[in-house]
Amino acid sequence: MKVQVLQHVPFEGLGSIAGWLERRGATVDWTRLFVGDPLPDPAAIEMVVALGGPMSVNDEALLSWLVGEKRFIAEAVRIGKAVLGICLGAQLIASALGARVYPGAHREIGWFEIAAAPPEPGTFRFPGQEMVFHWHGETFDLPPGGLRLAGSAACRNQAFQVGARVVGLQCHLETTPASLDTLITNARDDLEVGPFIQSEAAMRAVPQERYTANHSLMAAVLDHVIA
């Protein structure tokens with residue numbers, strides 16, 4: 001399986017997804033958009049993983065590579081490739097397919113529950129409730145044909161699916177203690193006072209069992225996308 005990873009900043013990586021790809025024997029290539037790496041022909045790959053980042057999908061005037069990336073994602077979806085978007089990656093899928101992306105009512109940073117939406121035939125089924133990690137300030141409308149999979153108190157659209165092989169996750173199920181540390185180190189200025197913003201200490205205090213549960217859920221989403 002040939003997988004293309006779209007990376008937007010050096011401090012947001014694959015987290016637990018790396019282990020899933022290794023177990024699958026995947027061939028992984030990276031497009032580091034922040035240094036101008038070229039995008040491949042989407043027909044030559046089998047799966048796209050679009051990672052997070054602090055920028056907005058609407059920053060095309062500042063970051064011209066967003067235009068080509070959205071075009072690449074839209075074509076990958078059109079020709080039936082498996083596509084997973086995480087945080088910014090989910091917003092990029094939504095925008096590439098014609099949906100609006102905009103600032104949310106609240107920033108959501110830390111460990112907060114998501115709740116599953118009523119299931120639709122053929123969609124991934126989240127647990128009824130799950131405590132997961134978040135770090136975002138923007139949200140999105142569902143793209144045409146998109147089905148909502150989960151939401152939270154701060155953000156109605158936490159996960160969505162388009163067709164059989166495209167899933168966007170606003171939350172970060174892939175988070176590991178190491179990736180959490182890297183994110184806090186590089187984005188500590190985001191930790192303002194807010195109803196859905198935890199302290200650094202609170203974010204770091206979760207037990208290993210929480211990461212394990214999130215990683216199992218992340219693996220299940222990945223299995224569903226490539227099924």
Side-chain angles (χ1 to χ4, degrees), residues 3 12 14-21 23-24 47-52 73 77 81-95 97 99 101 104-176 179-180 183 195-196 198 203 206-227:
V3 179
E12 294 209 37
L14 286 168
S16 71
I17 297 171
W20 182 90
L21 292 170
R23 292 189 297 274
R24 288 277 178 174
M47 183 180 187
V48 178
V49 178
L51 299 176
I73 290 171
V77 173
K81 303 299 180 178
V83 181
L84 172 70
I86 297 170
C87 200
L88 175 67
Q91 296 165 7
L92 283 162
I93 295 171
S95 180
L97 299 183
V101 178
H106 302 282
R107 282 189 174 187
E108 191 174 23
I109 300 175
W111 298 89
F112 298 100
E113 281 192 344
I114 60 171
E120 299 277 355
T123 60
F124 180 80
R125 295 194 177 190
F126 277 85
Q129 290 186 316
E130 187 73 25
M131 187 75 71
V132 303
F133 188 70
H134 311 260
W135 198 301
H136 67 97
E138 293 200 314
T139 188
F140 49 83
D141 295 333
L142 294 179
L147 297 173
R148 193 170 72 92
L149 304 180
S152 69
C155 179
R156 174 172 171 77
N157 293 327
Q158 279 288 344
F160 69 93
Q161 183 169 331
V162 178
R165 311 192 75 207
V166 179
V167 170
L169 301 175
Q170 184 60 73
C171 52
H172 288 272
L173 300 177
E174 82 289 357
T175 300
T176 66
S179 70
L180 173 63
L183 192 54
F196 299 98
Q198 289 181 333
M203 284 190 279
V206 299
Q208 180 59 42
E209 290 80 4
R210 180 59 52 209
Y211 292 100
T212 300
N214 275 220
H215 297 169
S216 293
L217 187 54
M218 182 77 264
V221 172
L222 289 160
D223 289 342
H224 176 85
V225 167
I226 68 164

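Numbering of residues begins at 1 and proceeds along the displayed sequence. The figures that follow rest on heavy atoms only: side chains count, while hydrogens, waters and symmetry mates do not.
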How long is the straight-line distance from [atom2] of [Y] back to [atom1] of [X], given to the nearest 0.5 Å?
X    : Y    : atom1 : atom2 : value
E174 : Y211 : CD    : OH    : 11.5 Å
Q91  : I86  : CD    : CD1   : 12.5 Å
L149 : L142 : CG    : CG    : 9.0 Å
R107 : H136 : CZ    : NE2   : 11.0 Å
H215 : T175 : NE2   : OG1   : 6.5 Å
E113 : M131 : CD    : CE    : 4.5 Å

Worksheet item: Would you call R24 and D223 a salt bridge, using N to O less than 4.0 angstrom?
Response: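 Looking at D223 together with R24, the answer is yes, because their closest N to O distance falls below 4.0 Å.
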Fill in: Carboxylate-amine/guanidinium proximity below 4.0 Å for R125 and E120
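Not counted as a salt bridge, because no side-chain N and carboxylate O are separated by less than 4.0 Å.
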For the residue pair [X] and [Y], what are the closest heavy atoms and their distance?
X    : Y    : answer
G52  : C87  : CA-CB, 4.3 Å
V162 : G146 : CG2-CA, 3.8 Å
L183 : E12  : CD1-OE2, 3.8 Å
P195 : H106 : CG-ND1, 3.5 Å
M203 : W111 : O-NE1, 3.1 Å
S16  : L173 : OG-O, 4.1 Å

Discussion item. Working note: R148 + T123, criterion side-chain contact (heavy atoms from CB on, under 4.5 Å); need CA distance, chi angles, decisive distance, verdict.
Written reply: CA-CA 9 Å; R148 193 170 72 92; T123 60; over 6 Å; no
Worksheet item: What's the verdict on side-chain hydrogen bond (donor to acceptor under 3.5 Å, both in side chains) for E108 and S152, showing C-alpha distance, side-chain angles and the deciding distance?
Response: CA-CA 10 Å; E108 191 174 23; S152 69; 2.9 Å; yes
Item to complete: Starting from the C-alpha separation in whole Å, work towards a yes-or-no answer on side-chain contact (heavy atoms from CB on, under 4.5 Å) for V48 and L84.
Response: CA-CA 6 Å; V48 178; L84 172 70; over 6 Å; no
Fill in: Near-ring test F160/F140, centroid separation under 6.0 angstrom
yes
Fill in: Donor-acceptor contact present, side-chain H134 to main-chain F112, <3.5 Å
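Here the side-chain-to-backbone pair exists.
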Worksheet item: More than 12 non-hydrogen atoms from neighbouring residues, nucleotides or ligands closer than 6.0 Å to CZ on R165, yes or no?
Response: yes
Worksheet item: What is the ring orientation for F124 with F126, classed by angle as parallel under 30°, tilted 30 to 60°, or perpendicular over 60°?
Response: perpendicular
When you compare the side chain of [Y] with that of [X], does any pair of heavy atoms fall below 4.5 Å?
X    : Y    : value
E130 : N214 : yes
V83  : V225 : no
L169 : M218 : yes

Worksheet item: Between I93 and L97, is a side-chain contact (heavy atoms from CB on, under 4.5 Å) present by the stated rule, with each step listed?
Response: CA-CA 6 Å; I93 295 171; L97 299 183; 3.9 Å; yes
Worksheet item: Between H224 and Q161, is any side-chain donor less than 3.5 angstrom from a side-chain acceptor?
Response: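 Yes, Q161 and H224 have a side-chain donor paired with an acceptor closer than 3.5 Å.
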Worksheet entry | Step-by-step side-chain contact (heavy atoms from CB on, under 4.5 Å) determination, I226 to M47 | CA-CA 8 Å; I226 68 164; M47 183 180 187; 3.8 Å; yes
